Amino acid sequence: MAVLPITSHDLQSDYDNAKFRRRSLFKVITQAVLTSNVRRNCGSCGVGKLLALLMIAGLAFLTVAHTNSGISAASEIVQHINVRGEEKVITEGHGNAELLKRFWRKPPRLPPRLPPRGKAGNNSLAAEAHNQQHILGSAVRQNKVAEAFRHAWTGYKNYAMGSDELMPLSKRGVDGLGGLGATIVDSLDTAMIMGLNDIVQEAGYWIEKKLPERLNEKGQVNLFETTIRVLGGLLSAYCLSGGENETTGDWGSRTKLDGPNPAIYLERAQDLADRLMVAFTSSPTPIPYSDVILRERSAHPAPDGLSSTSEVSSLQLEFWYLSKLSGNPKYGDAAMHVLEHLKTLPKFEGLVPIYISPHSGHFSGQNIRLGSRGDSYYEYLVKVWLQQRGAGHGGSDVSYLREMYDEAIKGVKNRLIQKSIPKGLVFVGELPSGEDGSFYPKMDHLVCFLPGTLALGATRGLTKQRAMEEGLMTIEDIENLKLAEDIMKTCYEMYSVTTTGLAPEIAHFHTQKFYEDGLQGGNKSSEFLDDIIIRYADHHNLLRPETVESLFVLHRITQDPKYLEWGWQIFQAFESHTKVDSGGYSSLNDVTVLPPPRRDKMETFFLGETLKYLYLLFGDSNVLPLDKFVFNTEAHPLPISRKGAENDLTSQTQAS
Ligand code: DMJ
């Protein structure tokens, strides 16, 4: 028997379209009544007519009531989405007139769309299965990261509780950051995000009971390190534990968190900030001194008299948020004056030297780089802008920060980006002698924050797809996102080129003008062995977060699954080479040999940043969405002014 081809007519003829066309209930009822026995038998009977009318009226009332409650619920959902999701949803008013209109005239219902006959069903099953597998895989990966966090915490708790950091090999603690229990505060919001309530309690109660005496008794701390790790950690803990309900109830937590009353975190934050303020107030310029003696409430410059540019420009997210919470503008004002001052200084295509003098208020030296001492200057330009751009009437105009950022990124593209040879990795080099000096192809691992920052700047934290749909991305934004992806690959290859699969602290790149023989990473199967040069002095790895931080942001924004795989490989390398059996993880002295020699230190940012970003990378993108939260440079999430995001969406849409 001949098999006839299936035509579109065949598909349509499965349906009686009229059956699916919507008729109003009123029409259905009247038609039913008019064609029923009531009409035939009692057509001329007054009581019959009255009964029929009463029945119609009753049914109509029930339908309106039902529809009304349905619509109310729907309206609530739509409003809910508006408040929580900032979706562009048009909420129509549903007055009674509107309801009646809907009752009388409902839109036609279309026939359901059939998938083409044959394998479509199987395809969707396969897609569903793939999806399930992906969700399952992500959950397994998240659990592994949470286990790693617990292992790190347990080592710290057993051997170093109350110290700044754990020395996992000698099983003791060390106060490398001034003695404020930095690992505890840095770790707390990670434990909250992972829903590890026992750790939340341990860390939370330590902060409640022990931190006050530390603040009273301890001596010298670095303004920047203390702000990003301790102040940032306390503020984020306050926010995630529900201290600021109305703004932050929607960060995506699935667990009810234990620990002290959130107000404790805010109190501690304010106590700390009140002591740190002296760094601003005792300086003769808006540039703060780098060091503070907490118990004396005194401050002084670093021994060479200089502050790092990145340090003075990476305090604003934290101090501004504290002002917002406390109602006292002094914190935010002092921190924002630094940026306002930096705005007035001469720059080189938006790029700035890595030192600044608190005495003169001017940059010092020529050295320009996005690595150590320069990095988070560029990061905070865009993050502070994101945080405050529409803070409403209480906030000031921060558009100058976006302008400084845009100019700086143009400078980066003009002056600092090159491709390695032979394989063409895109990397960010340095200008050690400033604008007139030559390009130096050295890139710190620290520079790997840049892909994430570029991506955030390009889409304002939205997915690329949504930012494109909304018409928010300029040509420059699209270029910057592409650059972010290129540098991301280089950062990933800095890991995969080594024997251990972990990146060195610093890489140099082979260019036409620069090559050093015999300094390779050791992974013979990497195609980039000749592109990436690793000097002996740079063989160490401190468990730094920047690459996984950018993987997290780029995955959120591009939704490209390769970033999940790269992150998973890096996590497994940490597990294989840095885990210490007795508890904790250690830094490494050499990533190019097996087994890698260890360094006796677990940095606080391994718990505060590296494991947090890995956990978030494998998780649901509704947790801490990037258009509602901005992560400080130590990975502590702080809320973005809600009005701000909406204002920006509107103005961007109008501009485009
Ligand atoms: C962290 O303290 C912060 O990320 C800072 O901005 C740079 N250095 C470390 C992590 O590498």
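Position 1 is the first residue of the sequence; numbering continues from there. Order of listing sets the numbers, starting from 1, for every ligand and every atom in it. Note that the structure is predicted; figures quoted are calculated from it, not measured.
W385 carries R389 over the face of its six-membered ring, with the cationic atom under 6.0 Å from the centre and within 45° of the normal. Annotation: cation-pi geometry not satisfied between K579 and Y585 (NZ/CZ under 6.0 angstrom from ring centroid, within 45° of ring axis).
A salt bridge links R141 and E565; the closest N-O separation between the charged side-chain nitrogens and carboxylate oxygens is under 4.0 Å.
Of all the heavy atoms of P545, the ones lying under 4.0 Å from any atom of ligand 1 belong exclusively to the side chain. Only the side chain of L446 comes within 4.0 Å of ligand 1, counting heavy atoms alone; its backbone N, CA, C and O stay farther away.
Between R229 and ligand 1 there is a heavy-atom distance shorter than 4.0 Å.
Inclusion of T633 in the set of residues having an N or O under 3.5 Å from an N or O of ligand 1 is warranted. Inclusion of E634 in the set of residues having an N or O under 3.5 Å from an N or O of ligand 1 is warranted. Where the criterion is an N or O separation shorter than 3.5 Å, residue side chain and backbone included, D375 fails it with respect to ligand 1. Looking at E609 next to ligand 1, an N or O pair under 3.5 Å apart turns up.
When only modelled atom types and interatomic distance are considered, S170 and D600 share a side-chain donor-acceptor pair under 3.5 Å. At a cut-off of 3.5 Å, with distance as the only test, a side-chain donor of H636 or D189 sits close to an acceptor on the other residue.
For ligand 1, the atoms sitting less than 4.0 Å from at least one non-hydrogen atom of I228 are 2 (O), numbered in the order shown with element in parentheses. Close approach to F605 involves these atoms of ligand 1, each under 4.0 Å from a residue heavy atom: 1 (C), 2 (O), 9 (C), 10 (C).
Counting only heavy atoms of the protein, atom 10 (C) of ligand 1 lies nearest to E546 OE2, 3.2 Å.
Side-chain atoms of I534 and H539, non-hydrogen and from C-beta on, do get closer than 4.5 Å to each other.
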Exercise for the section: With side-chain hydrogen bond (donor to acceptor under 3.5 Å, both in side chains) as the test, would you mind laying out the steps for T547 and R544 before giving the verdict? Expected result: CA-CA 8 Å; T547 295; R544 285 198 191 276; over 6 Å; no
